[in-house]
Amino acid sequence: MTKRWLASFWLLALLLPWQAQALIIEITGGSEAALPIAIVPFGSEGFSAPEDISAVIQNDLSRSGRFSPLPESDLISSPHEKSEINFKDWRLLRSEGLLVGKVSSVDGETYQVQFQLFDVYKGQQLVGKRYQVPASGLRRLAHQISDQVYQALTGEIGVFSTRLAFVSVRDNSDGSKRYTLQVSDSDGANPRTVLQSKQPILSPNWASDGERLAYVSFENGKAEVFVQEMRSGRRNSVAAFKGLNSAPAWSPDGKKLALTLSKAGNPEIYVLELASGKLSRVTHNSQAIDTEAVWMPNSRELLFTSDRGGRPQIYKVSADGGRAKRVTFEGRYNASPDISSDGRTLAMVHGLNGQFYIAVQDLDSGAVLVLTETGRDESPSFAPNGRMILYATEKNSHGELAAVSVDGRIHQRLGESDRDVREPAWSPIRK
Amino acid sequence: MKLLKLTAGLLTLIWLTGCTTLGGNKESDAGAAGSDVVVEDRNADTSGIDGENASGSDIDGGAETLVIAGEEQFQGGDVLDDPNSPLSNRVVYFEYDSSTVREEDLTTLEAHAAYLGENPSVTIRLVGHTDERGSREYNLALGERRALSIRQTLMLQGASVKQFQVTSFGEERTDVEGHDEAAWQQNRRVELNYVGR
């Protein structure tokens, strides 16, 4: 009895701290051109809502580096709807946007939330909506409101209601390691473990529906590729051939996976059609490493890493095979390509004097811009709106995640205390 | 010179012993903890998957036998158990981003090739590793290329292709913690593990 109790105690001790721990996001550099915005704390009549919606929105907008929310002490009054707003007064604050809203309790479980975003100068509503959600949906709703505010004021798609997948590694007290594949909200909140293993997990990649993840797991003693459904947790092994099975990348339609397989004796790029299991080989270069394929948004071409020229560089090839064309020329080491959703900007790991940075290359002009500074950066993953790049870095011998805007001006750190985090993948926008 | 080599061999043996003890514990604890892979669904409902971890535990297996044998029985026993034999050296190292066999490892590899040639029923598992720098996926491929380069060398000297299992862990299983050249050098390696020993 005591023994059993002890065993479950240990299980709890191991599970609880990291189930609950969220990534903490810190903005380490911002844009001078950040737009001021007035966010009035949402009203709630005589009760305290389980989630502070306006605080979540304020964090989202501030974290994006595009907005600079006014401090609460600067707000001249606390309106919650249009009839309570005197636009003439608000114009003095020189903030174009004014967000107000309120939360009311429908019953113990359901809440009604409404928000309105105004153009202070014109005195007009830009967007306004009312929702009914359960308590558990309040945080997600807050991110959706952030997306609408962001889009109304910048004209670009917001990505606050997307998610992040990443791998977290903890040392067990017996010297073994515990690898977990986790999915969190875009602000690092609500991390959930979707897979845990004593063997390495690598290269998570989201299908465009945001409902499936492909990844590499060593659970059978070697690299194999799995696909897992997020809702059910159901998973399938999709590639367990002799040799390496790695670097999965979903096609834009979610029906195919590009993979690296070495079953023919050397790592080559293949395309696997998931429904039929049909496998077609894309690269044929028995001397070189070909790996890390990613689909161009046109679905017809792949970018991949190859050392066929002597050192790793990024190449482009038709998904049907054929001759590959070299894409990167600057520097001796370019690897881990990712492509923006408009197909114009390549993100990559760029080696420079033995250090590794995140860089972007404009595919039209070929111009390269190095975005990061730590020299130990890897695994770039574009936000679905193409504005930010999430990547893995290292600080004090500790793996952590960070994000940088494509112009290199906005930097964010997604800190963690007692474990290594790595292999980030930014989800697509939920339909 | 010969003495030096011998000392180096012994040192490697001691070093291997250290690794092995750790590795051994790792695997046995893994077994005790039960199911190795756990999938969790949206409601954080934990459910076990009957995944096996069988081949994972092969790593370091060969060297483990070596430790026990080193004390007691190499007289007249299997030459694989003789700590003075070049066969006791089960790790070879590489330069950065290279899979070329280094000259100082040729003696070791010749001995392994000869042993494999004389014992065609014996199989060996070559496990390739890299240092932590650069892309993880590229490193996975590089680790495999290193293991294949060792296989090629051994085959040219009489081993047959059926005697090999080749695996890569890329940068996922560093042997030495640390972020400097001293650590990186130790991590760019291929381990030669005789299967079933």
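The figures that follow rest on heavy atoms only: side chains count, while hydrogens, waters and symmetry mates do not. Given the structure is predicted, the values throughout are model-derived calculations rather than measurements. Below, chain A is the first sequence line, B the second, and so on; all start at residue 1.
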Mind checking whether A:P312 and B:D97 have side chains closer than 4.5 Å, heavy atoms only? yes
In terms of heavy-atom pairs under 4.5 Å with chain B, the winner among A:R311, A:K242, A:E394 is A:E394
Taking all non-hydrogen atoms of both residues, which atom of B:E132 and which atom of A:E378 are closest, and how far apart? O-OE1, 4.3 Å
Chi angles and distances behind the side chain to side chain contact (heavy atoms under 4.5 Å, CB included) call for B:E172, A:Q199: CA-CA 9 Å; B:E172 306 308 320; A:Q199 304 300 333; over 6 Å; no
Heavy-atom distances under 4.5 Å only: say whether A:E423 touches chain B with side chain, backbone, both or neither. side chain
Does the side chain of A:N266 come within less than 4.5 Å of B:R145's, by heavy atoms? no
Relative to chain A, which segment of B:L140 carries a heavy atom at a distance below 4.5 Å: side chain, backbone, both, or neither? both
Is A:T305 in contact with chain B via its backbone, its side chain, both, or neither, using a 4.5 Å heavy-atom distance? side chain
Nearest 0.5 Å please: distance from the CZ atom of B:R136 over to the CG atom of A:L202. 6.5 Å
Using heavy-atom distances under 4.5 Å, tell me whether A:A335 contacts chain B through its side chain, its backbone, both, or neither. side chain
With a 4.5 Å heavy-atom cut-off, do A:Q355 and B:R133 have their side chains touching? no
Between A:G265 and B:L148 the two heavy atoms that sit nearest each other are O-CD1, 3.5 Å
Counting only heavy atoms not in B:R102 (residues, nucleotides, ligands), do more than 12 fall under 6.0 Å from its CZ? yes
Short side-chain donor-acceptor distance under 3.5 Å, A:S203 and B:E137: yes
Minimal non-hydrogen separation, A:K222 against B:T167, with atom names: CB-CG2, 3.9 Å
Does a side-chain heavy-atom distance below 4.5 Å link A:V349 with B:Y138? no
Looking only at heavy atoms, what is the nearest atom pair of A:G221 and B:R125, with distance? O-NH2, 3.3 Å
Find the one option among A:D377, A:T291, A:I289 whose heavy-atom pairs under 4.5 Å with chain B are most numerous. A:I289
Exercise: identify the closest heavy-atom pair between B:E144 and A:G243: OE2-CA, 3.8 Å
Side chain from CB out, backbone as N, CA, C, O: work out which of these in A:V183 comes under 4.5 Å of a heavy atom of chain B, or both, or neither. neither
Go through the atoms of B:S135 and report whether side chain, backbone, both or neither lie under 4.5 Å from a heavy atom of chain A. both
Is A:S379 in contact with chain B via its backbone, its side chain, both, or neither, using a 4.5 Å heavy-atom distance? neither
